[in-house]
Q: 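Okay, handing you the structure first.
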Amino acid sequence: EREGAITRNVNNGMEYCIFVGSNHVSTRMHSDTTTSSFFMIEGRKRWVFFSAENSPYLLPTGHEMNVAYNSRVDIFLPKEELLAKYPYMSMARGHEVIIEPGDVLFFSSFSWHGVQNLDELTFGIDFAVMDPVSSLGRNAILTLGNYT
């Protein structure tokens, strides 16, 4: 299942998105052209991150109606199953963090991330800012794909 999200454009190039979910849902691995600050209000979330240099291992595909790319890799598979299905993921270098109520998580554009809700109720707000200049430096090919 997917997490419920309400998005609102605040100003040119800035938006906020409210995420409400439960431990039955997750957000697949994806990469945005926005730089984000995520504020955790209720519950806990597990975030798995990979830098833009790992893009080839994550099999990016375009995401319709959004300035983002999805990964075809299911990062939440058990490790043995993940490496059997995507052997090149053994070369990818990522990290994970669990955030709790009151935590703020900042991540730059083109930071690949997948999110798992760990509690029955989760609620958080993401403030995202369009960042085309920095995005170009992090991943020129995917950035140009979004703006052409």
Side-chain angles (χ1 to χ4, degrees), residues 1-10 12-40 43-99 103-119 122-148:
E1 293 183 47
R2 302 199 71 175
E3 188 166 46
I6 301 168
T7 302
R8 177 77 48 141
N9 188 2
V10 176
N12 288 339
M14 183 176 175
E15 68 180 23
Y16 69 87
C17 189
I18 299 170
F19 290 92
V20 179
S22 72
N23 57 357
H24 305 287
V25 296
S26 61
T27 303
R28 69 195 282 179
M29 180 70 63
H30 67 284
S31 176
D32 304 303
T33 59
T34 54
T35 292
S36 290
S37 295
F38 189 91
F39 294 79
M40 195 71 220
R44 297 171 301 133
K45 289 180 180 274
R46 173 185 174 218
W47 294 68
V48 179
F49 285 98
F50 291 90
S51 65
E53 292 81 25
N54 291 282
S55 293
Y57 308 125
L58 295 167
L59 304 175
T61 61
H63 186 283
E64 292 181 35
M65 305 297 289
N66 197 356
V67 286
Y69 288 88
N70 287 327
S71 170
R72 290 181 293 218
V73 174
D74 182 356
I75 199 62
F76 297 118
L77 290 173
K79 188 170 184 174
E80 293 87 26
E81 191 177 340
L82 175 75
L83 294 176
K85 191 169 183 179
Y86 311 102
Y88 41 82
M89 282 300 291
S90 65
M91 297 180 281
R93 297 291 173 252
H95 60 278
E96 71 176 64
V97 64
I98 294 175
I99 62 171
D103 289 344
V104 177
L105 182 63
F106 173 84
F107 52 99
S108 60
S109 60
F110 284 109
S111 294
W112 288 95
H113 55 286
V115 186
Q116 267 184 329
N117 296 321
L118 300 178
D119 293 319
T122 62
F123 177 78
I125 303 172
D126 179 53
F127 289 92
V129 178
M130 293 302 295
D131 191 11
V133 174
S134 296
S135 295
L136 193 60
R138 288 186 190 97
N139 199 323
I141 292 172
L142 295 184
T143 301
L144 293 173
N146 270 309
Y147 293 100
T148 56

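Hydrogens, waters and symmetry mates are skipped; everything else that's a heavy atom, side chains included, is used.
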Q: Are the side chain of Ser71 and the backbone of Leu58 linked by a donor-acceptor contact shorter than 3.5 Å?
A: yes
Q: Determine yes or no for a side-chain-to-main-chain donor-acceptor pair under 3.5 angstrom, with His24 supplying the side chain and Ser22 the backbone.
A: no
Q: Grab the two heavy atoms, one from Asn70 and one from His30, that are nearest each other, plus how far apart they are.
A: OD1-CB, 3.5 Å
Q: Using every non-hydrogen atom in the two residues, find where Ala92 and Phe50 come nearest and quote the distance to one decimal.
A: CB-CE2, 3.8 Å
Q: Just wondering, do Asp74 and Arg28 contact through their side chains at under 4.5 Å, heavy atoms?
A: no
Q: Which heavy atom in Pro60 sits nearest to a heavy atom in Trp112, and how many Å separate them?
A: CB-CH2, 3.5 Å
Q: Could you tell me the separation between the NE2 atom of His113 and the CD1 atom of Ile75, rounded to the nearest 0.5 Å?
A: 13.0 Å
Q: For the CG atom of Asn23 and the CZ atom of Arg46, what is their distance to the nearest 0.5 Å?
A: 13.5 Å
Q: Work out which heavy atom in Ile99 is nearest to a heavy atom in Asp103; give both atom names and the distance.
A: CA-OD2, 3.4 Å
Q: Please test Met29 against Val73 for side chain to side chain contact (heavy atoms under 4.5 Å, CB included), starting from the C-alpha separation and ending with a verdict.
A: CA-CA 7 Å; Met29 180 70 63; Val73 174; 5.9 Å; no
Q: Without swapping roles, check the side chain of Tyr88 against the backbone of Pro56 for a donor-acceptor pair under 3.5 Å.
A: no
Q: Can you see which heavy atom on Phe76 is nearest to which on Gly114, and at what distance?
A: CZ-C, 3.5 Å
Q: Find the distance between OG1 (Thr33) and CZ (Phe110) and round it off to the nearest 0.5 Å.
A: 5.5 Å
Q: For Trp47 and Phe38, take the angle between the two ring planes, folded into 0 to 90°, and tell me which bin it lands in: parallel under 30, tilted 30 to 60, perpendicular over 60.
A: perpendicular
Q: So which heavy atom on Arg72 is nearest to which on Tyr86, and how close?
A: O-OH, 3.0 Å
Q: Could you give the distance from OG (Ser26) to NZ (Lys45), rounded to the nearest 0.5 Å?
A: 9.5 Å
Q: Quick one: do Thr34 and Val129 satisfy side chain to side chain contact (heavy atoms under 4.5 Å, CB included)? Show the steps, please.
A: CA-CA 5 Å; Thr34 54; Val129 178; 5.9 Å; no
Q: Using only atom types and a distance under 3.5 Å, with no angle test, would you say the side chain of Ser37 pairs donor to acceptor with the backbone of Phe127?
A: no
Q: Given 3.5 Å as the limit, does a donor-acceptor pair link the side chain of Asp119 with the main chain of Arg44, or not?
A: yes
Q: Would you give the length of the straight line joining atom OG1 of Thr27 to atom CG of Asn117, rounded to the nearest 0.5 angstrom?
A: 6.5 Å
Q: Is there a donor-acceptor pair closer than 3.5 Å between any side-chain N or O of Ser111 and the backbone N or O of Ser108?
A: yes
Q: Determine the interplanar angle of the His95 and Phe49 rings, folded into 0 to 90°, and report it as parallel if under 30°, tilted if 30 to 60°, perpendicular if over 60°.
A: parallel
